[in-house]
Amino acid sequence: MIVSITPYLPVIFAAAVAFCVVVYVLADGFDLGIGILFLIAPREADRDLMMASIEPVWDGNETWLVMGGTLLFAAFPAGYYVILPAFYLPIVFMLFALVFRGVAFEFRLQTTMFRWLWDLAFAGGSIVATLCQGFVLGGLIGGVNVGANGMYAGGAFDFLTILGLVCGVGLLGGYALLGAGWIIWKTDGSTQVFAREVAHAALILTAAMMFIVSAWSAWSTPEVAGRWFAWPNIAWLAPVPLLTALVLALTWRRIWTGPDVGTFIRALLVFFLGFGGLVVSLWPYVVPRHVTVWDGIGDPQTLLFIGVGIAIIIPIVLAYQAHAYWVFRGKAYHHDAYGGSESSAMFDRLGSAPAD
């Protein structure tokens with residue numbers, strides 16, 4: 001059985017890494033979006049409610065970032081030792097930013113005198129982490145400088161590109177759209193109205209940056225242009241941008257109407273379609289234009305070991321997170337600090353009311 005699936009192992013593990021990345025972007029994207037929108041919320045009560053809405057689930061979302069990085073290292077070591085040196089600085093800054101926003105999340109609720117400082121840390125950490133992810137994405141799309149020995153041959157600051165900045169701004173818009181959709185779904189009243197208003201600007205920014213990045217990729221890389229526009233590929237792939245445009249237009253029209261969860265679901269679909277387009281452009285490379293999934297795959301013994309691990313761990317994590325989201329379904333509500341009265345202590349700590 002092991003021998004029979006060996007030719008498919010690169011594709012299977014590439015799909016596993018892609019799955020972890022997608023789940024991380026979709027899951028952590030909306031709570032990063034909450035941070036991006038945090039400082040422009042008009043009232044302190046709105047910020048309290050925004051934070052309460054993600055309090056029960058935010059820290060579990062970053063599990064997928066760790067899992068994706070570990071899988072890349074174990075399954076595609078040749079890609080890992082090229083990608084990591086190329087993006088040391090944005091990855092390190094991203095991790096520090098995530099730590100800062102995590103600390104701010106826990107400390108903000110406990111303080112009054114310096115709450116503004118933790119507001120800045122939470123929002124700043126979210127923005128810096130998002131921009132760093134954009135620079136990594138832009139670097140992958142633009143290509144990594146690989147030497148004749150197969151090692152990274154660029155400098156520490158090669159990640160600083162205009163394309164990377166455009167991707168970072170696009171992610172700021174996309175995550176803000178996810179965050180706005182989440183707030184619309186999980187809150188009522190003035191906080192929900194604020195989210196509906198800001199969702200329009202986030203949608204415009206997301207659509208504009210998606211168009212620029214797509215055009216840039218096709219213009220700068222003939223291989224990508226050929227993949228999208230050569231016949232018969234264009235007939236098979238045209239539904240991806242067309243469906244993306246349709247979802248964006250529908251999202252614009254339905255921000256103020258329809259079920260509260262609708263904007264959030266459509267924002268998730270926009271990201272999913274964008275990731276699908278990225279896969280089409282970059283496949284089958286781990287390191288674009290240099291290392292394919294077949295060239296960079298690890299040895300069969302390592303793959304067997306980690307394959308057993310992910311077959312056990314991924315369903316457990318999915319089940320745990322699905323249970324958490326189910327338990328804390330319903331609208332969030334405001335609380336001032338951990339604890340509270342005896343009758344509401346549990347929900348004050350968890351920050352979300354159960355569904356009716």
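No donor-acceptor pair closer than 3.5 Å links the side chain of D28 to the backbone N or O of V25. T187 contributes no side-chain N or O that, together with a main-chain N or O of I184, makes up a donor-acceptor pair within less than 3.5 Å. In terms of modelled atom types and a separation under 3.5 Å, the side chain of R266 and the main chain of V247 share no donor-acceptor contact. N61 places a side-chain N or O within donor-acceptor distance of the main-chain N or O of A27, the cut-off being under 3.5 Å. A donor-acceptor pair under 3.5 Å is formed between the side chain of R47 and the backbone N or O of A41. Panel note: side chain T302, backbone G298; no donor-acceptor pair is recorded below 3.5 Å. Distance alone, capped at 3.5 Å, places no donor-acceptor pair between the T191 side chain and the D46 backbone.
Ring planes of W182 and F264: perpendicular class, angle over 60° (limits at 30 and 60°). Ring pair H200/W252 is perpendicular by interplanar angle, where above 60° counts as perpendicular and below 30° as parallel.
Electrostatic pairing of D260 and K331 counts as a salt bridge here, judged by a charged N lying under 4.0 Å from a carboxylate O. Taking a cutoff of 4.0 Å between a charged side-chain nitrogen and a carboxylate oxygen, E44 and R108 qualify as a salt bridge.
With a 4.5 Å cut-off on side-chain heavy atoms, F105 and I54 count as touching. Contact of the R43 side chain with the S190 side chain is registered, since non-hydrogen atoms from C-beta on lie closer than 4.5 Å. You'll find the side chain of I34 stays beyond 4.5 Å of the side chain of S126, heavy atoms only. In this structure, F19 and M67 have side chains that are not in contact, with every pair of non-hydrogen atoms separated by 4.5 Å or more. Within the 4.5 Å cutoff, the side chain of D299 has no heavy atoms near those of the L303 side chain. With a 4.5 Å cut-off on side-chain heavy atoms, I310 and F13 count as touching. V286 is not listed as a side-chain neighbour of T292, based on a closest heavy-atom distance of 4.5 Å or more. Between Y285 and V293 the shortest side-chain heavy-atom distance does not fall below 4.5 Å.
Atom OH of Y325 has more than 12 heavy atoms from other residues, nucleotides or ligands within 6.0 Å. For F100, the CZ atom is loosely surrounded, since the number of other residues' heavy atoms within 6.0 Å does not exceed 12. Counting heavy-atom neighbours within 6.0 Å of F93 CZ, excluding the residue itself, gives a total of 12 or less. Within a 6.0 Å sphere centred on CH2 of W283, heavy atoms belonging to other residues, nucleotides or ligands number more than 12.
P10 approaches I297 most closely through the heavy-atom pair CA-CD1, 3.8 Å. When all heavy atoms of L137 and L278 are compared, the pair lying nearest together is CD1-CD2, 3.6 Å. The two residues F194 and P42 come nearest to each other via the heavy atoms CD1-CD, 3.6 Å. Closest heavy-atom contact between L32 and A129: CD2-CB, 4.3 Å. Among all heavy-atom pairs drawn from T206 and A202, the shortest one is OG1-O, 2.7 Å. Closest approach of C20 to I314, counting heavy atoms only: SG-CD1, 4.4 Å.
The ring of F38 has its center closer than 6.0 angstrom to the ring center of F122.
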**OP:** List the steps, then state whether ring-ring contact (aromatic ring centres under 6.0 Å, His included) holds for F73 with Y80.
**Re:** CA-CA 5 Å; F73 170 71; Y80 186 86; 4.9 Å; yes
Between L37 and M50, does a side-chain contact (heavy atoms from CB on, under 4.5 Å) hold up when you go through it step by step?
CA-CA 9 Å; L37 299 175; M50 290 162 64; 4.1 Å; yes
Does the side-chain contact (heavy atoms from CB on, under 4.5 Å) test come out yes or no for V136 and F159, once each step is laid out? CA-CA 7 Å; V136 173; F159 72 91; over 6 Å; no
Inset, instruction - Could you give me the CA-CA distance, side-chain angles and deciding distance for D295 and F76, then say whether side-chain contact (heavy atoms from CB on, under 4.5 Å) is met? - result: CA-CA 9 Å; D295 297 330; F76 300 99; over 6 Å; no
Q.
Checking V317 against W64 for the side-chain contact (heavy atoms from CB on, under 4.5 Å) test, could you report, in this order, the C-alpha distance in whole Å, the side-chain angles of both residues, the deciding distance, and whether it holds?
A. CA-CA 9 Å; V317 175; W64 297 99; 3.6 Å; yes
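Remark: R329 qualifies as a cation-pi partner of W326 under the 6.0 Å distance and 45° angle criteria applied to the six-membered ring.
Residues V17 and I91 are members of one and the same hydrophobic cluster, defined by side-chain heavy-atom contacts under 4.5 angstrom among Ile, Leu, Val, Met, Phe, Trp and Tyr. Note on M210 and V213: separate hydrophobic clusters, where clusters join Ile, Leu, Val, Met, Phe, Trp and Tyr whose side-chain heavy atoms are under 4.5 Å apart, directly or indirectly. When hydrophobic clusters are built by joining Ile, Leu, Val, Met, Phe, Trp and Tyr residues whose side-chain heavy atoms come closer than 4.5 Å, directly or via intermediates, M51 is grouped together with F30. Follow the hydrophobic side-chain contacts under 4.5 Å out from L71 and you reach V11 in the same cluster. No continuous path of hydrophobic side-chain contacts links V21 to L269 [ILVMFWY only; heavy atoms under 4.5 Å].
To the nearest 0.5 Å, atoms CD1 (I212) and SG (C167) are separated by 10.0 Å. Atoms CZ and OG, on F328 and S53 in that order, are 13.0 Å from each other to the nearest 0.5 Å. For the atom pair CG of L165 and CG of L160, the computed distance is 9.5 Å after rounding to the nearest 0.5 Å. Taken to the nearest 0.5 Å, the CD1 atom of I313 stands 11.0 Å off from the CG atom of L318. Of the inter-residue distances, the one linking R101 atom CZ with E106 atom CD reads 11.5 Å to the nearest 0.5 angstrom. Here CD1 of I183 is found 11.0 Å from CG of L178. Values are rounded to the nearest 0.5 Å.
Side chains of W185 and T263: no donor on one and acceptor on the other come within 3.5 Å.
Applying the side chain to side chain contact (heavy atoms under 4.5 Å, CB included) test to T70 and every residue at least two apart in sequence or in another chain returns V66.
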